[in-house]
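Structure record follows, encoded as structure tokens.
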Amino acid sequence: MLVRVYDNESKSYFKSYVYGIIDIGWFEKVIVLTPTHLGNFFKMVDYVDKTVSGYPQKMNVNMISLVNHDDKWIKKEKEELLPLRKLIEEKGFTPEKLEYCFINQQFWDNPKELAAMYCGEKIPNIYNIDIEIPEKDKEWNYIESQNDIDELMKKSYGFHDTTISSINFQSGISQTINKNEKISRTFIYSDELKQIYITFFTLWSDSIELVFGSVIDMNLRTSFDLYFKEIFSASLFIKNEIIYFCTDYVGEEKMLPNDSTWISAFTLKWRFIK
């Protein structure tokens, strides 16, 4: 899966694919690869930030999208993890739980390095690990950089004189119902997590469709009575690996106004539609 990771040392965020998972829930740790400017090494990160309290619990890792794991991933449980536990204890560290492991084979074949990462050490990127990355749909344009933002804002004329035609939220969760002996429901989780589809009508081009993926938050405001329904100038920017869109100008401070519609999400794609 693709995730956003908070790096406590640099106090910054980066994106990485996950190369291994140790335990689940409160005890979960994931193996990630830091980008070049942060050293380009593998490290193990607590999923939950245990240094702070409060609700909702702060996370070091945020899921962006699911990626199918290939046959090089293996699962180990309980007794199978005893040799790894011993290596960790030999380094003077007591594992919190260590009862479940789903990991790339290359890391499992190097238990000393795996134990080192569990104890907080960093491992140089010497592995040749392939990640099954879904191909991008050529019908869509993807927002991943400031250049991508500039292109969309140029082609949409800054969303000037556009109106929101429709907004559709999809949670990515569906259910199947078995009505044989008694009703039972099974939740089905899609690879596409928490999406918002927005269609805009515009006077300057074909209609525009935006799709926000792995949505974090949304503020919905309709236009006030006696006010124009058209957007005068929209804002689109990336901050801490999060994409923000607002139907109003937010200025250099990037403060999102409560009287405008805005969305924050980890991914965004767009296209013109007839």
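Positions are given from 1 along the sequence.
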[X], [atom1]: over 12 other non-hydrogen atoms inside 6.0 angstrom:
X	atom1	result
I24	CD1	no
K75	NZ	no
K50	NZ	yes

Requested in this report: Take E99 and K78, measure what salt bridge (Lys or Arg N to Asp or Glu O under 4.0 Å) needs, and give me the verdict at the end.
Outcome: CA-CA 4 Å; E99 294 183 357; K78 296 184 178 179; 5.1 Å; no
For residues [X] and [Y], is any side-chain donor paired with an opposing acceptor at under 3.5 Å?
X	Y	answer
N110	Q106	no
Y197	Q195	yes
Q146	D150	yes

Does the side chain of [X] reach to within under 4.5 Å of the side chain of [Y], using non-hydrogen atoms?
X	Y	answer
L256	V250	yes
I208	I273	no
W270	K155	yes
V61	M63	no
Y19	V32	no
Y47	V30	yes
Y118	L98	yes

Within the distance-only criterion (no hydrogens, no angle test), does the side chain of [X] pair as donor or acceptor with the backbone N or O of [Y] below 3.5 angstrom?
X	Y	result
S214	A265	no
R4	S16	no
N125	F41	no
K91	I88	no
R271	N141	no
T162	T202	no
E80	E77	yes
D248	A234	no
Q170	K194	no

Would you compute the distance between atom [atom1] of [X] and atom [atom2] of [Y] and round it to the nearest 0.5 angstrom?
X	Y	atom1	atom2	result
D148	L268	CG	CG	9.5 Å
N60	T51	CG	OG1	7.0 Å
I198	F169	CD1	CZ	12.0 Å
E96	W26	CD	CH2	8.5 Å

Step through it carefully: locate the ring centre of [X], locate the ring centre of [Y], and say whether they are under 6.0 Å apart.
X	Y	result
F245	F159	yes
Y249	F232	no
F102	W73	yes

Would you say [X] and [Y] are hydrophobically clustered, going by side-chain heavy atoms of ILVMFWY under 4.5 Å?
X	Y	result
F266	I149	no
V5	L38	yes
I242	M218	no
Y244	L152	no

Query - Lys/Arg cation over aromatic Y13: K239, 6.0 Å, 45° cone - result: no
Requested in this report: Evaluate the side chain to side chain contact (heavy atoms under 4.5 Å, CB included) criterion for residues E28 and I21: first the C-alpha distance (whole Å), next the side-chain angles of each, then the deciding distance (0.1 Å), finally the verdict.
Outcome: CA-CA 7 Å; E28 184 171 342; I21 301 171; 3.6 Å; yes
I need the minimum non-hydrogen distance between [X] and [Y], along with the two atoms involved.
X	Y	answer
C101	I22	SG-CD1, 3.5 Å
I103	W108	CG2-CB, 4.0 Å
S10	D7	OG-OD2, 2.6 Å
T34	K43	CG2-CD, 3.6 Å
K15	L2	CB-CD1, 4.5 Å

Query raised in the report: In terms of the angle between their ring planes, are W204 and Y157 parallel, tilted or perpendicular, with boundaries placed at 30° and 60°?
Result: tilted
Report task. Take K274 and D206, measure what salt bridge (Lys or Arg N to Asp or Glu O under 4.0 Å) needs, and give me the verdict at the end. Result -> CA-CA 6 Å; K274 299 294 184 179; D206 292 330; 3.1 Å; yes
Query raised in the report: What do the steps show when you test D46 against K29 for salt bridge (Lys or Arg N to Asp or Glu O under 4.0 Å), and what is the final call?
Result: CA-CA 4 Å; D46 286 331; K29 301 175 184 292; 2.5 Å; yes
**Report entry** Residues K122, E113; criterion salt bridge (Lys or Arg N to Asp or Glu O under 4.0 Å); working and verdict
**Finding:** CA-CA 9 Å; K122 305 166 186 176; E113 293 188 348; over 6 Å; no
